[in-house]
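Structure record follows, encoded as structure tokens.
As a basis for the values below, the full set of heavy atoms in this structure was taken, side chains included, without hydrogen atoms, waters or symmetry mates.
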Amino acid sequence: MSESTAPPKTVLLRRGEVHSPADPFATAMVVERGQVAWVGSEGAADAFAEGVDEVLDLDGALVTPAFTDAHVHTTATGLALTGLDLSGAPSLEAALALVRDFAAARPGDRVLLGHGWDAARWPGGRPPTRAELDEAAGHRPLYLSRIDVHSAVVTTALLDLVPDAPRVDGPLTADAHHAVRAAAFAAVTPQQRGDAQRAALAHAVSLGIGTLHECAGPEISSEDDFTGLLRLAGEQPGPRVVGYWAEQDVAKARALGAAGAAGDLFVDGALGSHTACLHQPYADAAHHGIAYLDADAVAAHVVACTEAGLQAGFHAIGDAAVDAVVEGVRAAAEKLGLGRVRAARHRVEHAEMLTPESVAAFAELGLTASVQPAFDALWGGEEGMYAQRLGAERARGLNPFAALLRAGVPLAFGSDSPVTPLDPWGTVRAAAFHRTPEHRVSVRAAFTAHTRGGWRAVGRDDAGVLVPGAPADYAVWRTGELVVQAPDDRVARWSTDPRSGTPGLPDLTPGHDLPVCLRTVVGGRTVFVRPGE
């Protein structure tokens with residue numbers, strides 16, 4: 001019997017700090033048959049010691065629910081981990097040097113794949129030309145996606161594989177980008193794909209992530225990639241993978257084993273690539289972006305998914321795209337009934353440019369906002385990419401997490417990896433210390449959005465929290481002193497008032513070290529142990 005199919009052990013964890021609303025002072029926990037069986041004090045733990053398979057001495061470590069990353073591209077994440085990653089390149093010249101080194105080190109690759117360049121952060125602000133890439137890659141096929149994965153630069157040799165692609169000397173977007181991306185990823189062998197997926201899954205659990213929401217689709221990966229990932233996740237120990245397939249063919253999504261015809265079903269593109277759809281033109285380009293779906297198409301898809309018992313979901317970043325989603329979902333609710341649409345928990349991915357009216361509509365329609373706080377950490381601020389694209393005033397309105405929470409909109413946090421890295425505590429920090437202060441939420445609220453919020457986004461209200469009966473998906477952390485964040489963003493020592501019912505969390509104030517994952521457990525089975533622990 002394999003480790004993934006063997007019955008999970010009964011384990012007593014003791015002498016630690018257990019983050020549980022059932023007991024804010026809990027220092028011990030019992031896991032049995034893949035579920036949390038008991039949470040309580042060290043003094044009461046002795047009663048369980050003889051009836052368990054294993055006793056784990058926490059030695060003061062913190063135990064929390066495992067994180068859920070609600071928006072991931074697993075194979076692309078693995079390819080970035082094992083391949084050419086340009087996200088740290090400080091200049092165009094440095095990026096080209098990395099391409100040269102990578103091409104020299106991978107003589108057998110049919111197509112060279114790379115990710116993460118961001119010309120907005122380089123001196124001069126321009127992407128590489130096709131001639132520069134041709135030279136750096138040795139005139140081999142090369143695909144380099146921009147950090148937001150909504151545009152790419154490629155070599156002439158790759159364009160030769162896609163005869164209909166325009167021969168522009170710059171980034172490709174929209175259909176042209178989808179065509180060259182498909183050609184590039186078609187060259188990835190099954191072995192390369194499997195290796196990339198295993199690398200991404202292993203990296204996730206090393207960070208205390210117990211569940212990934214894979215956002216796949218015909219313009220993002222392939223059916224074989226999607227079904228292969230779901231199969232791999234079911235066969236080997238690792239994180240749970242919930243799959244979303246971004247196509248308007250509801251029957252196809254169901255046949256592929258998807259939880260919804262959702263995820264990156266594009267209503268628009270991305271701000272960095274000037275393809276997010278806006279009501280007003282970009283500050284640095286004389287157009288409004290690209291609209292892929294209108295409100296009528298959104299409404300038809302929501303009706304079809306609701307009637308089929310599947311989640312619908314849409315990628316929408318610009319304010320015009322968000323409004324198209326709201327208009328379409330509202331039209332579906334008028335046809336099917338508001339209660340039925342709300343019960344389906346349809347999703348909107350990214351949802352960056354929101355107005356007070358669209359926030360209220362999300363709450364009314366029961367839409368889950370699947371958002372990425374690291375976007376603000378990377379691109380926010382008075383001089384960041386958002387301000388370049390939109391101007392400072394519009395940029396300050398992006399990613400209004402506090403307004404969403406005040407309105408009662410369910411939040412699920414993710415990374416959109418490889419757009420931003422898998423980094424759960426960094427994500428919590430980014431939300432709690434948003435570059436625009438009025439959009440900040442407490443560490444506790446951000447932590448909940450990155451744990452329980454991801455489970456709620458797939459219709460599970462009984463998980464993502466360490467209480468008896470919940471799935472035993474948890475992580476053990478080495479961390480500093482636990483604190484509670486006050487409403488004005490100051491941190492204070494944990495209150496000893498038992499009436500507060502508020503367990504502490506690590507101090508995530510910028511400058512403090514983030515917690516280090518020592519162990520990750522999914523369904524009661526240990527899927528990661530840090531070497532030396």
For residues [X] and [Y], is any side-chain donor paired with an opposing acceptor at under 3.5 Å?
X	Y	answer
H73	D264	yes
H279	D319	no
S145	H115	yes

Gap between atom [atom2] of [Y] and atom [atom1] of [X] - 0.5 Å precision:
X	Y	atom1	atom2	result
L390	L398	CG	CG	5.5 Å
H213	E349	NE2	CD	9.5 Å
R198	R193	CZ	CZ	10.5 Å
R429	D507	CZ	CG	8.5 Å
E352	F375	CD	CZ	6.0 Å

(message) If you apply the rule side chain to side chain donor-acceptor pair (under 3.5 Å), what do you find for H315 with R347, and how did you get there?
(response) CA-CA 9 Å; H315 164 119; R347 299 170 53 139; over 6 Å; no
(request) With the side chain counted from C-beta on, respond yes when R231 and Q197 share a heavy-atom pair under 4.5 Å apart, and no when they do not. (result) no
(message) Would you say that V428 contacts F67 through its side chain, given a criterion of any heavy-atom pair below 4.5 Å between the two side chains?
(response) yes
(request) Could you tell me whether F314 and F266 have their ring centroids closer than 6.0 angstrom? (result)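 Centroid separation for F314 and F266: 6.0 Å or greater.
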Check for a donor-acceptor pair, side chain of [X] on one end and backbone N or O of [Y] on the other, with a separation under 3.5 Å.
X	Y	result
H150	A174	no
S20	L466	yes
S358	L354	no
H434	N399	yes
Q372	T420	no
R389	H274	no

(message) Is the ring pair F447/H19 parallel, tilted or perpendicular, if the boundaries are 30 and 60 degrees?
(response) perpendicular
(request) Evaluate the ring planes of F401 and F413, with Trp represented by its six-membered ring, and classify them as parallel (under 30°), tilted (30 to 60°) or perpendicular (over 60°). (result)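 The rings of F401 and F413 sit tilted, inter-plane angle from 30° to 60°.
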(request) Answer yes or no for R435 and F433: cation-pi contact, defined as NZ/CZ to six-membered ring centre under 6.0 Å and angle to ring axis within 45°. (result) no
(request) May I ask you to say whether K252 pairs ionically with E223, meaning some side-chain N is under 4.0 Å from a carboxylate O? (result) yes
